[in-house]
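Below is one structure; the comments refer to it alone.
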Amino acid sequence: MIIKIDGKECTAQKGEYLLNVARRNGIEIPTLCHSDALPGIGSCRICIVEVVEKGRSRIVTSCIFPVMGEIEVLTNSKKIRDMRKTLLMLYLARVPENETIKKLAKEYGAKVPQRFSVDKSEDCILCGLCVKACESLGSSAISTVNRGVTKKVSTPYDEPSKECIGCGSCAFVCPTNAIRIEEKNGIRTIWNKDFELVRCKKCGEYFATKEQIEYINKKKDFNLEDEMLCDKCKKKKAGERLKDVFEDYKE
């Protein structure tokens with residue numbers, strides 16, 4: 001089907017999320033909690049857009065809005081910009097010094113509300129992407145705890161979790177770099193727990209934790225010890241294999 005986004009005709013599949021249609025057609029919609037690998041959260045609301053259908057207008061969250069019919073979409077109308085500005089003021093009230101939020105706030109003219117007391121060391125916007133990443137891996141070492149102004153993401157009782165394998169997926173997906181991960185002398189520290197890092201057998205670079213390797217071996221029912229390579233060396237090896245296949249084909 002054909003839908004219009006900011007006046008541009010775009011092809012969409014029935015049920016396809018609006019954000020994906022827009023991006024495929026080169027139309028940028030800002031997001032915070034969206035990840036292509038972990039879609040469907042829709043908690044930050046920064047990707048809101050205005051949808052006009054049969055003469056009626058409504059505001060939807062584009063990352064979780066499935067296109068089911070012909071619609072017209074406005075991604076940057078005054079109404080949408082004003083709503084994003086309000087959202088960003090609230091985010092600034094929580095994470096006033098976070099560079100990602102400050103950059104977006106500047107774009108929309110949002111300023112730190114004076115009536116709120118703020119914690120300048122806070123970086124987490126509670127979008128939940130880290131928790132979903134951990135759940136998706138089957139570890140579930142972290143979750144949102146407490147309520148109201150004390151709500152936060154943490155391990156149970158803020159103690160080192162026996163479920164955490166130190167893979168760092170939570171930190172890698174975090175849109176505001178709120179999760180601290182440190183690596184020093186072959187030790188990765190995250191969520192108040194130290195993990196021994198394992199070296200790539202080919203290049204010698206650290207690439208995973210010992211617990212991560214053991215978890216993958218157990219989960220996938222194969223022995224990763226036989227091929228302890230970092231992503232870079234895996235790609236290089238795959239390229240060499242592909243080259244060998246082409247060489248054999250030429251012969």
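Because the structure is predicted, anything quoted here is derived from the model rather than measured.
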How long is the span from the [atom1] atom in [X] to the [atom2] atom in [Y], to the nearest 0.5 Å?
| X | Y | atom1 | atom2 | result |
| --- | --- | --- | --- | --- |
| Leu18 | Ser62 | CG | OG | 5.5 Å |
| Leu87 | Ile46 | CG | CD1 | 5.0 Å |
| Met1 | Thr11 | CE | OG1 | 10.5 Å |
| Leu104 | Thr176 | CG | OG1 | 11.0 Å |
| Ile190 | Ser169 | CD1 | OG | 8.5 Å |
| Ser139 | Glu211 | OG | CD | 11.0 Å |

Does the side chain of [X] reach to within under 4.5 Å of the side chain of [Y], using non-hydrogen atoms?
| X | Y | answer |
| --- | --- | --- |
| Arg58 | Glu53 | yes |
| Lys79 | Ile59 | yes |
| Leu38 | Glu135 | no |
| Met68 | Lys14 | yes |
| Tyr157 | Val145 | no |
| Glu159 | Asn192 | no |
| Ile3 | Val67 | yes |
| Asn76 | Arg84 | yes |

Side-chain heavy atoms under 4.5 angstrom apart, residues restricted to Ile, Leu, Val, Met, Phe, Trp, Tyr: same cluster for [X] and [Y]?
| X | Y | value |
| --- | --- | --- |
| Val131 | Leu126 | yes |
| Ile80 | Leu32 | yes |
| Tyr91 | Ile48 | yes |
| Phe195 | Leu137 | no |
| Val49 | Ile71 | yes |

Just by modelled atom types, is the [Y] backbone N or O under 3.5 Å from a matching donor or acceptor in the [X] side chain?
| X | Y | result |
| --- | --- | --- |
| Asp194 | Ile187 | no |
| Thr209 | Ile165 | yes |
| Arg188 | Cys167 | yes |

Q: Kindly determine whether Ile125 and Thr100 satisfy side chain to side chain contact (heavy atoms under 4.5 Å, CB included), including the steps that lead there.
A: CA-CA 11 Å; Ile125 59 171; Thr100 302; over 6 Å; no
Where [X] and [Y] come nearest, the two heavy atoms and their spacing:
| X | Y | value |
| --- | --- | --- |
| Ser161 | Lys193 | O-NZ, 2.8 Å |
| Gly166 | Gln212 | O-OE1, 4.3 Å |
| Thr61 | Cys47 | CG2-SG, 3.6 Å |
| Arg23 | Asp36 | NH1-OD1, 4.3 Å |
| Val153 | Cys130 | CG1-SG, 3.8 Å |
| Trp191 | Cys170 | NE1-SG, 3.3 Å |

Would Ile2 and Glu70 satisfy side chain to side chain contact (heavy atoms under 4.5 Å, CB included), going step by step from the backbone distance to the final call? CA-CA 6 Å; Ile2 301 295; Glu70 292 184 0; 5.5 Å; no
Got a sec: does the [atom1] of [X] have more than 12 other heavy atoms crowding it under 6.0 Å?
| X | atom1 | result |
| --- | --- | --- |
| Glu72 | CD | yes |
| Lys85 | NZ | no |
| Glu183 | CD | yes |
| Lys8 | NZ | yes |

Handout entry: Residue pair Glu205, Lys232: steps toward the salt bridge (charged side-chain N to carboxylate O under 4.0 Å, His left out) verdict
Key = CA-CA 10 Å; Glu205 293 289 325; Lys232 190 176 176 182; over 6 Å; no
Are Leu229 and Phe207 close enough, and set up right, to give a side chain to side chain contact (heavy atoms under 4.5 Å, CB included), and what steps lead you there?
CA-CA 8 Å; Leu229 302 178; Phe207 77 103; over 6 Å; no
* Starting from the C-alpha separation in whole Å, work towards a yes-or-no answer on side chain to side chain contact (heavy atoms under 4.5 Å, CB included) for Lys102 and Leu92. => CA-CA 7 Å; Lys102 283 167 67 177; Leu92 278 176; 4.3 Å; yes
Residue that, paired with His34, satisfies side chain to side chain contact (heavy atoms under 4.5 Å, CB included) out of Ser43, Pro39, Pro175:
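It is Pro39, the one option of Ser43, Pro39, Pro175 that forms the side chain to side chain contact (heavy atoms under 4.5 Å, CB included) with His34.
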Requested in this report: Any chance you could lay out the salt bridge (charged side-chain N to carboxylate O under 4.0 Å, His left out) test for Lys235 and Asp231, step after step, and finish with the verdict?
Outcome: CA-CA 6 Å; Lys235 288 178 183 174; Asp231 287 344; over 6 Å; no
